[in-house]
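The analysis underlying the following values was restricted to heavy atoms, covering all of them including side chains, and did not include hydrogens, waters or symmetry mates.
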Amino acid sequence: MLRLRLLTWDVKDTLLRLRQPVGESYAAEARAHGVRVQPEALGQSFREAYGAQSRLFPNYGRGQGLSSQQWWADVVKQTFRLSGVHEDGVLTLMAESLYRDFCSARNWEVLPGASETLSRCCQRGFCMGVVSNFDNRLENILSQCNLRHHFEFVLTSEDAGFAKPDGRIFEKALRLSGVPPEQAAHVGDDYTRDYRAARAVGMHSFLLRAAGQGKEPEVPPEHVLPTLSHLLALIEKE
């Protein structure tokens with residue numbers, strides 16, 4: 001059995017997921033302002049705008065003087081511009097509204113088994129923390145989704161100044177908890193940013209991989225979680 005004291009958790013697509021595709025949310029916001037745009041077109045435009053913004057201003061522009069709210073406003077406006085909407089006043093209103101909306105439980109849902117697994121881990125006495133490539137809305141989102149109380153700390157890439165797979169965000173989590181890496185494990189759904197990055201600083205890690213998602217060749221089966229509910233059994237088996 002692993003002698004673990006700390007469990008750190010990714011959030012998006014590990015504990016929480018969007019209730020509907022981004023394009024659907026953006027299209028609904030546009031309709032509220034009398035603008036008709038197809039959700040599929042907005043989804044494609046969002047991927048383009050988000051990718052370009054992430055390359056130009058990594059980690060929400062933290063190192064380049066942007067606030068994450070400015071960063072997201074630019075993404076939203078560019079998403080709509082790529083879909084043919086150019087009215088500046090409407091773009092500003094939609095950007096402000098969507099930034100607020102994505103801070104609420106209305107747009108997020110807890111993944112199956114997440115609440116129960118977190119509760120059981122707390123009952124076992126693990127120190128628990130979040131390590132997530134997210135902006136500073138995450139505390140509020142976790143509170144609204146009734147998950148915040150499980151964690152002793154919430155470390156976002158915006159707060160830390162480093163984004164996974166940069167090992168410094170994991171090292172900061174270890175310092176916050178006062179636990180050495182060999183007594184810590186990270187749980188996430190991304191092979192590079194979660195599984196490999198945590199192991200690179202000496203932590204254990206588990207990869208959430210739903211059936212049909214495909215296997216990563218370098219991940220032993222005992223490190224793969226078909227669902228979050230499998231976690232404690234795998235920890236005890238190690």
Side-chain angles (χ1 to χ4, degrees), residues 1-16 54-55 57-64 68 111 114 117-118 120-122 124-139 141-142 147-148 150-210 213-228 230-238:
M1 180 174 158
L2 284 178
R3 299 282 174 216
L4 295 177
R5 291 166 53 204
L6 169 69
L7 291 176
T8 62
W9 299 78
D10 172 53
V11 174
K12 187 174 181 293
D13 297 324
T14 298
L15 299 175
L16 298 177
S54 298
R55 287 188 293 277
F57 303 104
N59 195 20
Y60 309 108
R62 186 186 185 278
Q64 292 143 296
S68 55
L111 264 84
T117 300
L118 292 171
R120 287 171 62 207
C121 289
C122 287
R124 297 288 178 95
F126 292 115
C127 172
M128 305 262 280
V130 163
V131 177
S132 175
N133 287 358
F134 217 102
D135 61 65
N136 58 18
R137 291 174 293 178
L138 186 56
E139 287 257 7
I141 292 167
L142 289 168
L147 296 182
R148 176 64 185 89
H150 294 297
F151 303 110
E152 294 185 29
F153 63 87
V154 172
L155 184 59
T156 66
S157 57
E158 184 179 11
D159 288 334
F162 312 109
K164 298 178 297 184
D166 191 317
R168 286 174 291 183
I169 192 169
F170 290 103
E171 287 164 355
K172 185 159 187 177
L174 293 167
R175 285 197 302 276
L176 281 171
S177 59
V179 173
E182 63 274 12
Q183 293 178 10
H186 180 69
V187 182
D189 71 307
D190 188 283
Y191 172 69
T192 303
R193 289 192 288 265
D194 292 311
Y195 182 80
R196 262 182 52 187
R199 296 186 91 75
V201 300
M203 294 171 67
H204 302 273
S205 55
F206 296 96
L207 184 66
L208 182 62
R209 264 289 183 267
Q213 265 190 305
K215 291 187 169 62
E216 296 290 350
E218 296 171 39
V219 182
E222 62 270 21
H223 297 168
V224 176
L225 301 171
T227 70
L228 288 175
H230 288 72
L231 177 64
L232 283 170
L234 283 187
I235 288 173
E236 284 163 8
K237 218 163 74 173
E238 282 273 307

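The minimum heavy-atom distance between C121 and L231, with the atom names listed, is SG-CD2, 4.0 Å. Here the closest non-hydrogen pair linking L111 and D13 is CD2-O, 4.0 Å. Nearest heavy atom pair, residue S68 against residue N136, reads OG-OD1, 3.7 Å. When all heavy atoms are compared, the tightest approach of A173 to L6 is O-CD2, 4.5 Å. Heavy-atom minimum distance, M203 versus A185: CE-C, 3.9 Å. C122 and H150 make their closest contact through SG-O, 3.5 Å (heavy atoms, listed as atom of the first residue, atom of the second, distance).
When the options V131, V154, D194, V187 are evaluated for a side chain to side chain contact (heavy atoms under 4.5 Å, CB included) with W9, the one that passes is V187.
For the atom pair F162 CZ and I169 CD1, the distance stands at 9.0 Å (nearest 0.5 Å). Taking CG of N133 as the start and OH of Y60 as the end, the distance is 6.5 Å to the nearest 0.5 Å. Here the CZ-CZ distance, from R120 to F126, works out to 10.5 Å after rounding to the nearest 0.5 Å. Going from atom NE2 of H223 over to atom CG of L225 covers 10.0 Å, rounded to the nearest 0.5 Å. Note that CG of D190 is 10.5 Å distant from NZ of K12, once rounded to the nearest 0.5 Å. With rounding to the nearest 0.5 Å, the separation of CG in L4 from CD in E236 is 10.5 Å.
Proximity of a side-chain donor or acceptor of R62 to a complementary backbone N or O of E158 within less than 3.5 Å is detected. A side-chain donor-acceptor contact under 3.5 Å links R148 to the backbone of F151. Although no hydrogens or angles enter the test, the distance criterion places no donor-acceptor pair under 3.5 Å between the side chain of S157 and the main chain of A163. Remark: the backbone N or O of Q183 is not paired with any side-chain donor or acceptor of H204 at under 3.5 angstrom. Not a single donor-acceptor pair under 3.5 Å links the side chain of T117 to the backbone N or O of A114.
Residues F206 and L234 form a side-chain contact, since some pair of their non-hydrogen atoms from C-beta on lies under 4.5 Å apart.
Checked for salt-bridge contact, R209 and D189 miss the test: no charged N lies under 4.0 Å from a carboxylate O. We find that R193 and D10 are not joined by a salt bridge, their nearest charged nitrogen and carboxylate oxygen being 4.0 Å or further apart.
Looking at Y191 and E218, their side chains do bring a donor and an acceptor atom within 3.5 Å of each other.
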Open item on the list: Could you walk me through whether F153 and D159 satisfy the side chain to side chain contact (heavy atoms under 4.5 Å, CB included) test, starting with their C-alpha distance in whole Å, then the side-chain angles of each, then the deciding distance to 0.1 Å, before giving a yes or no?
Closed with: CA-CA 12 Å; F153 63 87; D159 288 334; over 6 Å; no
TODO: Report the C-alpha distance between L16 and L142 in whole Å, list the side-chain angles of each, state the deciding distance to 0.1 Å, and finish with yes or no for side chain to side chain contact (heavy atoms under 4.5 Å, CB included).
DONE: CA-CA 9 Å; L16 298 177; L142 289 168; 4.2 Å; yes
- [ ] Could you please spell out the steps behind the side chain to side chain contact (heavy atoms under 4.5 Å, CB included) verdict for L155 and V130?
- [x] CA-CA 6 Å; L155 184 59; V130 163; over 6 Å; no
TODO: Could you walk me through whether R5 and C127 pass side chain to side chain contact (heavy atoms under 4.5 Å, CB included), step by step?
DONE: CA-CA 6 Å; R5 291 166 53 204; C127 172; 5.7 Å; no
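Ring pair H186/F170 is perpendicular by interplanar angle, where above 60° counts as perpendicular and below 30° as parallel.
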